[in-house]
Q: 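Supplied in structure tokens, the structure appears directly below.
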Amino acid sequence: MNPPNPTAVEEAPAETPPPRRPSLRLPRDRHALVDNFFRFQSLFGLVAVFLIAIAVSPVRNGENIFLSSGNLANIVRAVSEIGIIAVGMTFVILIGGIDLSVGAVLGLAAVGSATLMVDSGLGILPTVLIVLLIGTAFGATQGAIVARIGIQSFIVTLAGLQAARGIARMWSGGLGIPIAYGDGPQEAPEAFSLLSGSINGVLPVPAVLFIAIGIGALLLLRTTAFARHVYAIGGNEKAARLSGVPVRRVRIAVFAISGLLAALAGIIHAGQLNQGSPNDGSGYELDAIAAVVIGGTSLAGGSGSMGGTIAGALLLGILNNILALNNIDANVQLVVKGLVIVAAAALQKLRPRIS
Amino acid sequence: MNPPNPTAVEEAPAETPPPRRPSLRLPRDRHALVDNFFRFQSLFGLVAVFLIAIAVSPVRNGENIFLSSGNLANIVRAVSEIGIIAVGMTFVILIGGIDLSVGAVLGLAAVGSATLMVDSGLGILPTVLIVLLIGTAFGATQGAIVARIGIQSFIVTLAGLQAARGIARMWSGGLGIPIAYGDGPQEAPEAFSLLSGSINGVLPVPAVLFIAIGIGALLLLRTTAFARHVYAIGGNEKAARLSGVPVRRVRIAVFAISGLLAALAGIIHAGQLNQGSPNDGSGYELDAIAAVVIGGTSLAGGSGSMGGTIAGALLLGILNNILALNNIDANVQLVVKGLVIVAAAALQKLRPRIS
Amino acid sequence: KAGDGNGGTDAAAQCGSGKEFLIGMSQANNAEPYRQVMNDDITNAAKDVPGFKVVVSDAAQDNSKQVADVENFISQGINLLIISPNEAKPLTAVVKKAYDQGIPVIVLDRKVEGDAYTAFIGGDNVAIGKAAGEYYAKTLLPQGGKVAEISGLPGSTPAAERAQGFREGIASNPKIEIVATQTAEWLREKGQSVMDAMLKAHPDIDAVYSHNDPMAEGAYLAAKAAGKESAIKFTGIDALPVPSGGIKAVEQGRLQATFQYPTGGREAIDMAKKILVDCQKDVPKTTTLGTTQITKENAAQVYTELGGKQ
Amino acid sequence: MTERPLVRMTGIGKRFGGVQACRDIDLTITAGEVHALLGENGAGKSTLINILSGVITAYDGTIEVDGRPVSFAGPVDAQRAGIATIHQELDLVAGLSIAENMFLGREPRTRLGSVDIRRMRRQAAEHLRTLGADLDPRRLVGSLRVGEQQLVEIGRALSLDARVLIMDEPTAALADAEVERLFETIAGLRRAGVGIVYISHRMAELEVIADRATVLRNGRLAGTVDPKTASRDEIIQLMVGRSVDALFGEGRNEPGEVLLDVRGFAVTPRRPTPGRTEPAGVDLTVRSGEIVGLAGLMGAGRTELLETLFGAGGSGRRTGEVTIDGRPYHPHGPRAALARGVAFVPEDRRGAGLMLEHSVAENVVLSALSSLTTLGVVRRQAVRRTVAEQLTSLAVKAASPAVAAATLSGGNQQKVVFAKQLLTQPRLLLLDEPTRGVDIGAKAEIYRLLHRLADTGMAILLASSELPELRSLCDRVVVLHRGRTVATLPRASATQQAILAAANGDDAKETR
Ligand SMILES: Nc1ncnc2c1ncn2[C@@H]1O[C@H](COP(=O)(O)OP(=O)(O)OP(=O)(O)O)[C@@H](O)[C@H]1O
Ligand SMILES: Nc1ncnc2c1ncn2[C@@H]1O[C@H](COP(=O)(O)OP(=O)(O)OP(=O)(O)O)[C@@H](O)[C@H]1O
Ligand SMILES: [Mg+2]
Ligand SMILES: [Mg+2]
């Protein structure tokens with residue numbers, strides 16, 4: 001056999017221009033269909049759990065208890081705080097981070113709301129603004145430590161959790177601060193109690209806030225350049241940096257959003273329970289993360305959707321509700337919940353995968 | 001047909017030696033020094049906290065209380081359960097996973113130990129074997145779900161946490177099962193109480209177990225092919241699979257190890273407290289993860305060391321101890337702990353980074 | 001007030017013997033042995049009342065979850081609510097909601113605000129703390145001494161009240177000094193590690209006042225590891241009649257004394273029976289349960305009296 | 001060509017730890033010229049342009065743009081100064097669409113402040129069309145083939161409207177048609193007065209488009225030549241410091257028995273993945289001692305075929321027959337394949353070949369660990385020796401076996417993947433674009449290595465987009481079209497035209 005001729009290796013391809021060839025194309029339409037189907041896949045688990053809930057719900061006087069409007073409203077109200085936190089958490093997880101401090105920030109914000117209104121006699125607006133500012137600043141500080149020193153967010157926010165819980169306890173003297181309404185000293189403005197009310201007696205205010213924030217965040221994530229930067233950082237940080245994405249700033253902003261929404265959830269919490277208690281919200285971080293991940297967002301960052309998170313939060317709420325309505329033993333509930341969560345996550349796996 | 005001759009591959013270049021190009025070399029010695037210095041960097045935080053602890057420790061009768069041998073032994077005993085769990089967690093985190101179920105598995109194992117010995121009248125060996133088997137099977141099941149269905153381990157083990165806790169509560173009827181020692185029915189063999197004893201009255205048995213397991217795992221991680229596979233999966237799963245690493249099997253094994261060690265910690269827990277309580281161990285997962293991450297292991301997987309984890313666990317133990325020795329207010333403790341954790345993590349960042 | 005007097009009327013109207021009744025028990029959390037025993041007391045007592053069915057929910061220490069639990073009970077149409085609130089204020093509104101819908105409400109252990117409930121049954125933590133303090137002042141340390149306090153979860157009312165009552169109780173004996181207070185968050189293992197450190201900082205402690213029995217047991221273990229278990233006296237609170245409870249610990253000599261914090265479970269079912277089966281309208285609004293001091297002398301006897309299983 | 005240089009780099013030096021990547025390099029870029037940058041793998045080309053594009057900010061020497069000294073704090077600064085870069089390693093965000101990637105960091109806005117998605121898509125489509133890439137800008141980059149991703153990178157750089165355009169191996173993943181279109185685009189830019197830096201290991205390309213060539217060797221300036229007049233040998237001499245012709249040698253043995261036999265092989269996926277072309281009727285044989293090439297257009301299914309043969313392909317029903325040594329072969333995973341003596345070098349070395357953060361040594365031994373352990377314990381000494389042998393035998397240029405694979409130059413990374421697979425002592429070697437980004441000297445070494453391996457009786461199946469490579473290296477070329485074997489050309493008849501004609505299949509007749 002001939003030895004290969006080294007010069008032949010580099011023979012110019014330009015001499016014999018190859019004919020233009022159309023690159024292979026997918027049949028567009030069919031794929032658009034499949035794609036659209038799977039795009040809403042984060043809803044699969046939700047729809048499945050919803051249908052099962054209807055099927056297994058107890059019926060009283062011919063009425064499906066699960067489907068009663070009061071019950072549905074309760075479900076959304078019950079998940080609203082976790083849901084709002086999960087919205088913020090979605091941003092954090094999209095950039096590949098995690099925020100364990102949200103539950104403690106919720107407690108801090110609840111204490112703050114109660115203290116400022118009851119003890120310091122501030123009005124609603126200043127109180128809300130100050131508390132939101134505290135939450136935002138707390139989140140931004142954590143973000144800055146993550147972005148500037150480069151410590152993993154898990155550690156920074158785990159430390160943040162402890163710090164926020166400690167501060168909340170010190171601020172409140174360790175005890176829940178009850179909120180009484182009225183015009184007198186040591187009383188909060190009556191309007192604050194609206195947070196525990198409903199619109200038209202049907203739609204609980206926290207549920208409305210959750211849905212509004214969810215939709216707002218969903219639009220934000222679909223339309224803004226900020227959102228693209230978030231996805232880019234989570235997907236390929238180096239590419240993002242090379243493209244001129246202000247990586248640090250976006251990172252800090254994302255943790256600030258998470259802190260802001262956790263503080264908002266804390267205000268709602270205080271309003272709903274008429275009390276600011278420093279121990280409230282413990283463990284909420286895990287529920288919120290579960291909602292995000294069940295919603296199909298990857299903990300590795302870079303892929304996921306806000307719609308999924310909202311669906312995930314509702315799924316958890318329905319699950320809690322239907323187990324309770326059926327009087328399942330609390331310990332059995334734990335086991336069943338574990339299994340359903342895994343099953344719901346498995347459903348998301350139907351999606352055809354890239355790579 | 002002749003099978004390929006492996007030696008030919010390596011010999012051949014000798015035939016037509018291409019001019020050896022001088023590959024650029026580092027001045028070896030200087031770098032070896034710097035490298036070795038930074039290799040032990042996961043110890044920096046530990047050493048710093050240790051020195052600070054000595055400095056701020058209360059002194060009685062001229063004796064530094066923190067440094068008293070009894071106190072040091074207590075510290076290691078106090079972290080031994082978290083430490084053993086953290087050893088297993090290190091493997092999980094190295095492959096880029098996380099195991100939130102360890103605390104609940106500890107509780108389950110504690111209940112199991114007590115029930116099997118006290119209620120079922122089994123001996124120590126069968127009890128320990130059965131409990132370890134339960135923990136290993138539980139971990140392996142979680143691993144199989146992660147590896148086969150491809151659900152994120154965060155979700156799977158969060159569900160596992162709930163399930164294990166629920167099972168433990170059902171098994172024990174929700175109450176701690178006290179362990180009395182003796183030969184009678186409803187009594188556990190006296191030997192089991194050794195777990196709460198010390199060797200020579202100085203070295204607490206759990207501390208010895210922790211150190212032994214830590215060193216064993218350290219050697220395992222340094223020397224075995226299994227360890228290389230673990231690092232490879234965490235580093236680049238696809239490349240690992242294409243290189244013939246049995247990715248699924250290693251994944252399942254890693255979660256099984258974590259379950260095994262959590263169960264072992266549960267047995268020790270029961271032995272130390274003379275009781276198996278289903279609610280014990282809650283929140284341990286976060287402490288264990290903190291120990292791993294403070295030890296310099298990346299939550300992204302692929303890099304980290306067992307020595308770091310052991311150092312991280314000891315660091316947390318020293319921190320808890322010195323705060324308690326100084327009778328710091330519990331709420332202030334939380335804040336201080338948060339700050340120290342971040343500071344310790346920041347110390348690890350001194351390492352010179354690639355690119 | 002609107003709810004006053006109307007609460008419970010619907011259910012009361014349906015009362016009578018030979019009927020089925022669904023009773024919702026909203027528990028603040030199942031993780032504390034005390035609350036588990038309360039649940040067990042309620043379910044066991046209910047077994048003896050024909051027609052009673054009890055469902056227990058676990059709020060896992062979360063006020064919001066407990067509100068949702070009660071809401072779910074209301075959706076299901078329970079005939080009577082027993083609730084042991086996680087905290088008073090946050091649950092006041094939802095308890096009132098149930099009460100206003102005509103569901104009789106028995107509040108156990110921790111109060112809610114206002115009076116929109118049918119009855120409250122509970123112990124008195126300040127009194128218990130005080131009893132413990134007086135026991136220290138008169139019996140345990142009459143010559144005075146150094147006491148270490150291991151307290152419950154910071155921020156919880158019982159922890160605050162048991163601390164306060166104790167201080168009132170020891171006030172009569174100025175030679176008793178509280179040299180250290182550390183929290184062990186109600187947990188046995190934390191009791192152990194906290195005691196480890198306290199023994200180092202204060203090796204001359206004479207007694208340990210623990211806000212509950214498990215923490216006292218944990219502290220005992222730490223002292224035992226340091227070889228000081230006989231030099232230090234330990235007391236707890238709760239005295240649960242279960243094998244892992246404080247009564248057994250006293251009987252077996254690990255604790256010097258413990259003070260019963262009654263669950264009120266049996267009493268609650270008794271009252272539910274009066275309301276639902278006997279159609280009794282005027283149950284007492286408040287029932288305060290007393291405490292029993294348990295020492296080695298009476299431990300075995302009290303254990304049997306309280307129906308503890310061997 | 002204008003006289004005043006757009007960019008003047010003077011005395012540039014850069015050290016990475018102990019590696020002096022660049023040393024005292026001068027480079028000027030003039031408007032309207034294509035300035036080629038040549039050199040072996042690891043010569044410092046990428047480092048030099050990373051300095052110019054603001055990726056590396058700490059270096060020695062000075063950079064002037066338009067006669068004014070500049071110091072970039074980051075890539076954005078360089079872009080503002082009119083310097084756009086197509087980096088060697090594809091750095092795109094898989095989870096974002098083509099359009100979003102092209103405008104990442106400078107998204108067009110509507111008056112409301114939201115991203116003007118329509119405008120973004122339209123402009124992205126335009127830029128892609130000038131490159132002849134008819135891609136839907138809404139597609140996720142993660143679903144694109146490597147070649148298509150490269151086009152997106154190029155489109156992105158073009159969209160910056162830069163005055164200086166740096167291209168670091170832009171054609172490494174492109175097939176001929178795309179390359180040609182790119183050259184047309186480059187010619188247009190040159191006419192518009194853009195200064196272009198062009199890095200490539202394909203010598204033939206330089207002769208076509210470069211006006212000037214600067215050659216680097218071991219981080220130093222080795223000389224500047226006019227590629228239109230200088231002979232190829234002259235250039236290679238400058239790059240390598242010796243003549244490459246001498247690298248080729250001995251004759252070949254006759255091929256032996258049939259080792260791999262594939263008959264009517266097809267995979268029917270349960271759910272088709274967009275962008276994948278599963279085997280749909282493949283016939284081929286590879287004898288022991290034979291090198292068989294796989295040709296085809298972008299997306300013809302070569303990669304998928306090799307992956308499937310290695311047990312790493314998509315799932316689906318398999319039909320047809322595959323045998324090795326006459327025995328049926330159904331690899332259900334890479335482990336099974338390796339156990340049967342089949343090894344695979346994937347085309348995406350960063351994504352599928354290497355653990356970038358791990359050391360070179362760890363990478364090299366990963367596949368062969370089982371032969372280097374006793375009772376599960378790794379024999380360190382044996383590992384050290386084996387790694388040293390492999391690195392020497394493939395002439396891998398690395399500071400030490402302990403450095404992270406990420407710090408190696410592209411070509412050397414490729415060699416590390418090679419070394420890893422060879423250590424398993426395979427009988428059938430599957431290679432996907434094995435010389436992508438490999439310099440001419442190393443390429444020759446790899447060719448020589450392949451011949452040597454074939455001479456020992458190894459069977460080699462190799463997919464390549466470089467037709468000259470296939471022609472000169474292979475005993476036979478199998479041409480795929482839409483996952484199907486359309487031609488098997490013996491060496492003698494495997495001319496460029498013949499391969500291309502077959503590769504276009506019926507397609508050309510059908511549609512145009
Ligand atoms: N981040 C880094 N850290 C350490 N060494 C590096 C780093 N980047 C490059 N090097 C080293 O610098 C030298 C030059 O690398 P460079 O990437 O510039 O080569 P190149 O000429 O682009 O090669 P190729 O043609 O293979 O892409 C190589 O020896 C490489 O190992
Ligand atoms: N949508 C997709 N989903 C998953 N994998 C894909 C997708 N598109 C491409 N790939 C994979 O990405 C790689 C890139 O393909 P590449 O650009 O190398 O095609 P090619 O080499 O030109 O064509 P060929 O298919 O002939 O190898 C291949 O491994 C292919 O299987
Ligand atoms: Mg390069
Ligand atoms: Mg290919």
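Quick caveat, the model's predicted, so the values are computed rather than measured. Below, chains carry the letters A, B, ... as their sequence lines are ordered, and counting in each starts from 1.
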Q: Which pair of heavy atoms, one from Leu366(D) and one from Ala240(B), lies closest together, and at what distance?
A: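 Taking every non-hydrogen atom into account, CD2-CA, 4.2 Å.
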Q: Would the distance check show the side chain of Asn236(B) and the main-chain N or O of Gly351(D) forming a donor-acceptor pair, the cut-off being under 3.5 Å?
A: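 Looks like yes, one N/O pair under 3.5 Å.
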Q: So, for Ala232(B) and Met355(D), which heavy atoms are closest and what is the spacing to 0.1 Å?
A: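 Closest approach of Ala232(B) to Met355(D): CA-SD, 3.1 Å.
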Q: Please report the C-alpha distance between Val377(D) and Thr223(B) in whole Å, then the side-chain angles of each, then the deciding distance to 0.1 Å, and finally whether the side chain to side chain contact (heavy atoms under 4.5 Å, CB included) criterion is met.
A: CA-CA 5 Å; Val377(D) 174; Thr223(B) 58; 3.9 Å; yes
Q: When rounded to the nearest 0.5 angstrom, what is the spacing between OG1 in Thr373(D) and CZ in Arg228(B)?
A: 10.5 Å
Q: May I ask you to decide if Ser367(D)'s main-chain N or O and Ser243(B)'s side chain share a donor-acceptor pair within less than 3.5 Å?
A: no
Q: Of all residues at least two apart in sequence or in a different chain, which pass the salt bridge (charged side-chain N to carboxylate O under 4.0 Å, His left out) check with Asp261(D)?
A: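 In terms of salt bridge (charged side-chain N to carboxylate O under 4.0 Å, His left out), with neighbours along the sequence ignored, Asp261(D) is linked to Arg263(D).
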Q: Which atoms of Arg217(D) are under 4.5 Å from chain B, going by heavy atoms: the side chain, the backbone, both sets, or neither?
A: neither
Q: Using heavy-atom distances under 4.5 Å, tell me whether Leu338(D) contacts chain B through its side chain, its backbone, both, or neither.
A: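 Interface part for Leu338(D): side chain.
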Q: Give, as side chain, backbone, both or neither, the part of Arg349(D) having an atom under 4.5 angstrom from any heavy atom of chain B.
A: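 When you check distances to chain B, no heavy atom of Arg349(D) falls under 4.5 Å.
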Q: Does CZ in Arg148(B) sit with more than 12 non-hydrogen atoms of other residues, nucleotides or ligands closer than 6.0 Å?
A: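 Check fails, neighbour count at 12 or below.
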Q: Select one option (side chain, backbone, both, neither) describing which atoms of Val365(D) are under 4.5 Å from chain B's heavy atoms.
A: side chain
Q: Quick check on the interface: out of Thr224(B), Leu220(B), Leu242(B), Val245(B), who has the most heavy-atom pairs with chain D under 4.5 Å?
A: Leu242(B)
Q: Look up atom NE2 in His229(B) and atom CG in Leu369(D), then write down how far apart they are to the nearest 0.5 Å.
A: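 Rounded to the nearest 0.5 Å, the NE2-CG separation comes to 4.5 Å.
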Q: Can you tell which part of Arg249(B) gets under 4.5 Å to a heavy atom of chain D, answering side chain, backbone, both or neither?
A: side chain
